[in-house]
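Here the structure is a predicted model, which is why all the values come from computation and not from measurement.
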Amino acid sequence: MTTFAPYIEYARKAFAREATYRIELIAEIGSVVLRVYLLRSLWTALYAHNAAPTGLPLHSMITYTTVALLMSLVLEVDGTRVIREKLREGGIAVDLMKPIVVPFAYFSDGIGQTLLHAAAIVPSLLFALLLVRIDVPSLPVLAIFCCSLALGYGVNFFVNFLMNGVAFWTLETFGLQLIVRWISDLLSGQILPLSFFPGWFGRAVFALPFAAIYSTPLLVYVGIIPPAKWAAALAVQAAWLAATAGASFLLWRAASRRVVVQGG
Amino acid sequence: MPFAARAAGASAAKNACVPLIVTRDLRKVFRNAKRFPGALGALRGLFSPVYEDRVAVAGLSMEIERGEFIGYIGPNGAGKSTTIKMLTGILVPSAGEVEVAGIVPHRKRRENARNIGVVFGQRTQLYWDLPLVDSFELLRAIYGIPQDRYRRSLDAFIELLEMGDFLRTPVRQLSLGQRMRGDFAAAMLHEPPILYLDEPTIGLDVVAKEAIRTFVARVNREQGTTIILTTHDLADVERLCRRIVLIDHGRAIFDGPIERIKNEYGRERTLVVRFTETTSAPTIPGARLESVEGMTARFVFDRATQRVDRLVREVSDRYSVEDIAIEEPELEGIIRHIYTQGYAGEERSA
């Protein structure tokens with residue numbers, strides 16, 4: 001008998017827990033607004049001296065970076081970070097002694113954190129709008145953007161899960177964490193559109209799972225992915241979601257056979 | 001139907017006369033990468049790791065009946081925690097068998113989890129940043145406890161553990177004693193038939209310790225909960241447990257009632273004699289002088305071979321005595337002796 005009740009409760013408690021860190025949330029909003037302003041200045045300066053790259057005028061570029069920053073409010077929540085922390089401190093034993101599917105619990109915990117941070121999008125957006133003007137696409141585009149964002153959220157969760165899951169073998173993943181974070185920031189299209197990368201590298205980055213996290217929803221939003229290609233783009237995201245979820249399942253199965261809880 | 005009754009009921013019907021917990025030749029061997037000293041050593045370990053096997057549990061067989069209160073003791077690194085982890089299903093044994101309430105824990109971890117409650121003295125399962133009651137609500141959802149039953153058991157715990165004052169306080173603001181009471185309630189909210197306690201009184205003051213002991217004894221007596229207590233505080237064991245399983249180097253070196261370990265090792269008694277004047281190197285035939293401090297001397301003798309009345313007569317015939325007392329060994333002394341000297345059961349000579 002599996003019910004969702006425990007997992008809904010995990011999400012609610014994570015939401016409540018995150019809400020106790022009010023200052024952190026306010027700082028996060030401030031940081032996003034500041035970065036929106038800085039990136040607007042940066043792109044404006046760059047565009048003043050160069051011809052606009054393929055089909056991306058300045059206002060689209062500013063829209064892209066602003067939406068990317070707002071997305072980061074929910075996508076930078078790493079609900080699986082607890083795996084690493086709990087393995088180090090041995091707290092994972094407590095979770096494993098409960099009648100729950102532990103990865104589901106962590107996913108729900110992540111959802112709860114995400115929902116709270118999502119609440120920060122509204123004030124961030126309002127402040128950002130005082131500094132920049134962003135394009136607002138039509139309703140169908142917004143709807144597809146949301147679907148694409150949801151798929152990207154899933155891929156992001158499982159990429160993080162795989163990365164943190166390595167801790168089952170190494171216990172220490174900080175180095176890996178840094179490398180993957182750098183690669184992911186650059187290759188997911190969070191910092192700049194992937195179409196900026198030249199030649200074979202430009203084509204290769206679209207073949208990586210990171211592109212499914214930020215790039216696809218953002219390119220849908222700014223209209224570089226036209227309605228005719230929506231289905232294909234979302235199918236690629238769904239495929240990455242299935243692949244990373246499958247890999248996570250295998251990793252968890254192998255990991256739970258060799259849980260070495262620290263201490264004692 | 002409440003799940004706890006269902007789970008326990010189903011296994012009870014299936015295994016009416018089988019012990020609740022059974023292990024047979026249970027083994028756990030850890031394979032660790034050997035570490036070499038220094039930076040070069042670390043590099044060497046990285047590229048050509050050498051593995052070492054460490055036997056944590058080396059063939060443990062025991063049976064525990066419903067309603068027992070077991071003191072599971074042994075020195076650090078003896079294999080206690082490893083055993084508990086195998087019983088809870090979070091560690092897979094290397095060899096041997098283990099069954100808890102008719103379930104092989106590591107095969108059906110989640111099913112087994114419904115039958116057990118676990119309290120770690122050094123680790124909390126409560127949400128650090130949230131009010132205590134929030135953790136209980138999460139557990140209600142996890143175990144699917146019906147609202148009315150949840151309300152009833154929570155009220156009972158609030159009263160028994162006197163938690164009313166801090167139910168709505170964030171856990172990080174609780175004292176250790178309050179937090180432990182919260183952890184006990186959290187472990188037992190789903191009324192598990194089996195309770196594992198891992199050093200539950202560590203760091204507590206005497207009053208808090210006593211409150212926890214009284215509570216645990218009551219749970220065992222009134223609800224028939226089977227309890228396995230792992231601790232270094234032998235006063236806990238002496239006060240609560242009827243049976244001791246003593247483990248060392250991964251093996252059970254003693255398994256039986258506390259009285260038996262006391263009888264086997266408690267053969268030694270100490271005769272404390274206080275003389276009226278300073279007496280250097282006093283002797284009594286049949287007893288060994290342990291120490292002299294001022295006018296007080298301590299003699300150790302074997303209760304099985306020496307009669308107390310004769311020793312008392314000897315000493316008062318020979319010396320001018322002010323006071324005589326006989327000390328019985330405490331469990332702690334016995335266990336300390338076994339840790340350092342090893343256990344030899346009946347064959348041990350005094």
Closest contact, heavy atoms only, [X] versus [Y]:
{"X": "B/Leu138", "Y": "A/Tyr10", "result": "CD1-N, 3.7 Å"}
{"X": "A/Pro6", "Y": "B/Ala141", "result": "CG-O, 3.3 Å"}
{"X": "B/Ile90", "Y": "A/Ala93", "result": "CD1-CB, 3.6 Å"}
{"X": "B/Gln125", "Y": "A/Lys98", "result": "OE1-NZ, 2.8 Å"}
{"X": "B/Arg109", "Y": "A/Ile100", "result": "NH2-O, 3.0 Å"}
{"X": "A/Pro99", "Y": "B/Arg114", "result": "CB-CG, 3.8 Å"}

Is the number of heavy atoms from other residues, nucleotides or ligands under 6.0 Å of [X] [atom1] greater than 12?
{"X": "A/Arg35", "atom1": "CZ", "result": "yes"}
{"X": "B/Arg107", "atom1": "CZ", "result": "no"}
{"X": "B/Arg179", "atom1": "CZ", "result": "yes"}
{"X": "A/Tyr37", "atom1": "OH", "result": "no"}
{"X": "A/Phe197", "atom1": "CZ", "result": "yes"}

Exercise for the section: Can you tell which part of B/Leu139 gets under 4.5 Å to a heavy atom of chain A, answering side chain, backbone, both or neither? Expected result: side chain
Handout entry: Contact class of B/Phe120 relative to chain A, heavy atoms under 4.5 angstrom
Key =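 Side chain only.
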Fill in the blank from the handout: Applying side chain to side chain contact (heavy atoms under 4.5 Å, CB included) to B/His249 and not counting sequence neighbours gives none
Handout entry: B/Glu137: partners by side chain to side chain contact (heavy atoms under 4.5 Å, CB included), with sequence neighbours left out
Key = A/Glu9, A/Lys13, B/Val133, B/Asp134, B/Tyr150
Exercise for the section: Select, from B/Ala113, B/Pro105, B/Gly77, the one with the greatest count of heavy-atom pairs under 4.5 Å involving chain A. Expected result: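 Counting heavy-atom pairs under 4.5 Å, the top option is B/Ala113.
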Handout entry: Contacts of B/Glu199 that satisfy side-chain hydrogen bond (donor to acceptor under 3.5 Å, both in side chains) - sequence neighbours left out
Key =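 B/Glu199 satisfies side-chain hydrogen bond (donor to acceptor under 3.5 Å, both in side chains) with no other residue.
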Handout entry: Neighbours of chain B found in residues 14-24 of chain A - heavy atoms under 4.5 Å
Key =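 Heavy-atom contacts from residues 14-24 of chain A to chain B are A/Ala16, A/Arg17, A/Thr20, A/Tyr21.
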Problem - Point-to-point distance, once rounded to the nearest 0.5 Å, from CD1 of B/Ile116 to CE of A/Met97 - result: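 Reported to 0.5 Å precision, the distance equals 6.5 Å.
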